[in-house]
Amino acid sequence: MRLYNTRTRQVEEFAPADGQTVRMYTCGPTVYDVAHIGNMRSFLVSDLLVRTLKYLGWQVLNVMNITDVDDKTIARSRESGETLRAYTDRYLDLFLEDLATLRIEPAWRYPRATEHIPSMIQLIQKLLDRGHAYVSEGSVYFDISSFPRYGLLSGCLPSSAEAAAAYSRLDSDEYARDDIRDFALWKAAKPDEPSWDSPWGPGRPGWSIECSAMSMEYLGPTLDLHVGGVDLIFPHHENEIAQSEGATGQEFVRFWVHVEHLIVDGQKMSKSLGNFLTLRDLVERGYEPMAIRHQLMTAAYRKQLNFTLEGLRQSTLALFRLWDFADRLQEISRPGDASAILADDLESADSRFEMALRDDLNIPEAMAVVFDLVNQVNPALSRNQLSRTDANALLEFLNRADRVLGFIAHDKGSLDSEVEKLIAEREEARRSRNYARADEIRDELLRRGIVLEDTVQGTRWRRSFE
Ligand code: AMP
Ligand code: ZN
């Protein structure tokens, strides 16, 4: 497939180095709080990429790190009076739950930073041995001047002034560096903070070293793909390259994939701006998780996506329409051969779908292929012209597409019991020719988003999508 590589700033032909298995690493969450749907967009893109690579026939080993030690997790666990472990366990569980709610397939491994301190220490030692790092007051820093390639990913070697500004936001308390642009690999312990023993005294790892150490521990020195949000390009990913390549002398990542932000009113959705929504907020308000998945997929990953509740409403309607289409296909019993026209439509949908995926993960286009097919087939479906054979062929296509899209499979039988009672009562009213009452109930159901359709096979219900 063709994929945009941030490092070369070009769309390039991608294939795993060994021709079979994609070694992929996705920067995961810091488990200090519930993730917002902006974070979830990044993880969803990673999921879509994994699913696409599998769809195209490759095996994928996807590793996602869990950052369970940093300034935020330490501060929050302290406020809550819990140990760092107990505190981060809780948010890790909530995160995994959120992934499941959005039908994001589990990664192959979810290594936690605190469980990989020895391999980080080993990596730091290697950097010291190779002259890329130095010890100062119990901390270890990467010496940027020892690594001429620093800055190639983000496109510029930051001036000292820019770097000072960036780093002062990150860790304003570090003055022991030779150059303000040098970054911490190991931070000397502060009083009352969790710490681990190391050759340089007690301390904790710097933020970026975990990704270098854990990705290479599970996937080897060279990854095929590395995914994260665009805000991670500098300094996080720049640092990962310096640490990994400094230690191994080999190329660290073949393809860098960066996800643009989810924005709200022109600004990045973020905790610090306070303009964020969590998946839980939206589900509690009654939004269908698969509609949220759909909405987060409506822009290509390299474009910003503006989140609005109106957009989410549109996604809900589109989804219900698609689900009803699949339900009606399930209900067809008419025997007969496959119709030739439909077979042509399906073949072209299949190839357009795959082309869209191969074209730098053009998910909006792949979604359009599915919805176009629904529009093409709907008239014949309404006129009862499809056979069981046709229906099966269409359902097979939807299943195939769903291996990537992930929002088509659904469980129709989840009407609440009150609604079921109303439907039964309307049947009864119709049998006793009380049409006024039957219409009343139909209107009541409509207000609840349920549409009743009287067909030759009897009455069927669907969710309203008008
Ligand atoms: P964090 O838990 O802060 O380390 O972030 C986890 C992931 O979410 C990273 O890949 C970030 O780049 C990404 N991210 C943060 N904010 C947004 C946003 N508004 N839209 C898309 N991705 C985001
Ligand atoms: Zn990372």
Side-chain angles (χ1 to χ4, degrees), residues 6 24-49 62-73 76 88 91-92 94-96 98-99 102 104 107 109-113 116 120 123 153-154 169-170 183 205-219 223 225-244 252-253 256-279 292 295-307:
T6 307
M24 169 166 166
Y25 186 87
T26 304
C27 284
T30 307
V31 281
Y32 72 104
D33 201 348
V34 175
H36 58 66
I37 56 171
N39 302 130
M40 296 317 280
R41 182 189 187 199
S42 286
F43 304 133
L44 180 56
V45 167
S46 168
D47 180 53
L48 292 166
L49 191 50
N62 182 29
V63 175
M64 180 183 282
N65 66 298
I66 304 294
T67 303
D68 61 355
V69 54
D70 78 325
D71 292 342
K72 284 182 284 194
T73 44
R76 292 282 188 98
T88 54
Y91 285 100
L92 173 54
L94 293 178
F95 174 68
L96 295 176
D98 283 349
L99 293 186
L102 272 188
I104 291 174
R109 293 283 189 275
Y110 291 107
R112 293 175 70 150
H116 295 76
M120 296 182 216
L123 186 62
L153 177 71
S154 52
R169 281 197 303 275
L170 288 175
F183 56 91
W207 170 41
S208 294
I209 195 73
E210 66 173 89
C211 285
S212 286
M214 301 195 295
S215 61
M216 294 197 293
E217 177 175 335
Y218 288 93
L219 299 167
L223 320 181
L225 281 173
H226 193 316
V227 182
V230 285
D231 54 321
L232 298 184
I233 299 175
F234 178 80
H236 183 56
H237 288 161
E238 203 71 78
N239 293 355
E240 281 188 37
I241 295 174
Q243 295 163 159
S244 305
F252 174 46
V253 171
W256 283 97
V257 174
H258 287 106
V259 184
E260 256 301 345
H261 284 142
L262 187 69
I263 60 170
V264 186
D265 299 329
Q267 279 182 304
K268 173 188 171 188
M269 180 178 283
S270 72
K271 283 270 155 65
S272 52
L273 288 172
N275 60 352
F276 66 92
L277 280 166
T278 67
L279 191 57
I292 302 167
Q295 180 59 28
L296 291 177
M297 290 163 60
T298 51
Y301 77 95
R302 283 204 285 142
K303 298 217 167 84
Q304 292 189 333
L305 171 53
N306 189 40
F307 184 83

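Computed from heavy atoms alone, side chains included, the values below leave out hydrogens, waters and symmetry copies. We number each residue from 1, following the sequence as shown. Remember, it's 1-based here, ligands and their atoms both numbered in the order they're listed.
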Atom 10 (O) of ligand 1 - nearest protein heavy atom and its distance:
Gly229 N, 3.1 Å
Check whether any side-chain heavy atom of Trp207 lies under 4.5 Å from a side-chain heavy atom of Asp70, and answer yes or no.
no
Ligand 1 atoms nearer than 4.0 angstrom to some heavy atom of Met269 are 16 (N), 18 (C), 19 (N)
Closest approach of any protein heavy atom to atom 9 (C) of ligand 1, naming residue and atom:
Leu232 CD1, 3.8 Å
Please write down residue, atom name and distance for the protein heavy atom closest to atom 23 (C) of ligand 1.
Gly38 O, 3.5 Å
Tell me which protein heavy atom sits closest to atom 11 (C) of ligand 1, plus the residue, atom name and distance to 0.1 Å.
Asp231 OD1, 3.5 Å
Of the backbone atoms (N, CA, C, O) and the side-chain heavy atoms from C-beta on, which set of Asn39 has a member under 4.0 Å from an atom of ligand 1: side chain, backbone, both, or neither?
both
Do Gln267 and His261 get their side chains close enough for a donor-acceptor pair, meaning under 3.5 Å?
no
The closest protein heavy-atom partner of atom 18 (C) of ligand 1 is His261 CD2, 3.5 Å
How is the N/O/S atom of Glu240 that comes nearest to the Zn ion (ligand 2) named?
OE2
Between the side chains of Arg112 and Thr67, does any donor sit under 3.5 Å from an acceptor?
no
Numbering the atoms of ligand 1 from 1, which are under 4.0 Å from a heavy atom of Phe43?
6 (C), 7 (C)
Sub-3.5 Å donor-acceptor pair from the side chain of Asn39 to the main-chain atoms of His36, do we have one?
yes
Taking the six-membered ring of Phe276 (Phe, Tyr or Trp), confirm whether the NZ or CZ of Lys268 is under 6.0 Å from its centre and within 45° of its axis.
no
Rounding to 10°, state the angle centred on the Zn ion (ligand 2) that links SG in Cys27 with SG in Cys211.
130°
Quick check on Lys271 - does any of its heavy atoms sit under 4.0 Å from an atom of ligand 1?
no
Do me a favour and list the nearest non-hydrogen protein atom to atom 16 (N) of ligand 1 with residue, atom name and distance?
Lys268 CE, 3.4 Å
Which one holds for Leu262 and ligand 1: side chain close, backbone close, both close, or neither close, with close meaning a heavy atom under 4.0 Å?
both
Would you confirm whether Arg302, through its side chain, and Glu260, through its main-chain N or O, come within 3.5 Å as a donor-acceptor pair?
no
Backbone N/O of Ser208 and side chain of Gln243: donor-acceptor pair under 3.5 Å:
yes
Given Asn65, which of Tyr25, Tyr218, Tyr110 fulfils the side-chain contact (heavy atoms from CB on, under 4.5 Å) condition?
Tyr25
Using 2.8 Å as a strict upper limit, say whether an N, O or S atom of His236 approaches the Zn ion (ligand 2) that closely.
yes
Residue, atom name and distance, where the atom is the protein heavy atom closest to atom 2 (O) of ligand 1
Thr30 N, 3.1 Å
Which atoms from ligand 1 have a heavy atom of Pro29 less than 4.0 Å away?
2 (O)
Can you tell me how far OG1 of Thr30 sits from CG of Asp68, rounded to the nearest 0.5 angstrom?
9.5 Å
Return yes if some donor-acceptor pair links the side-chain N/O of Asn239 with the main-chain N/O of Phe183 below 3.5 Å, else return no.
no
Using every non-hydrogen atom in the two residues, find where Val253 and Leu225 come nearest and quote the distance to one decimal.
CG1-C, 4.4 Å
Nearest neighbour in protein (non-hydrogen) for atom 22 (N) of ligand 1:
Ser42 OG, 2.8 Å
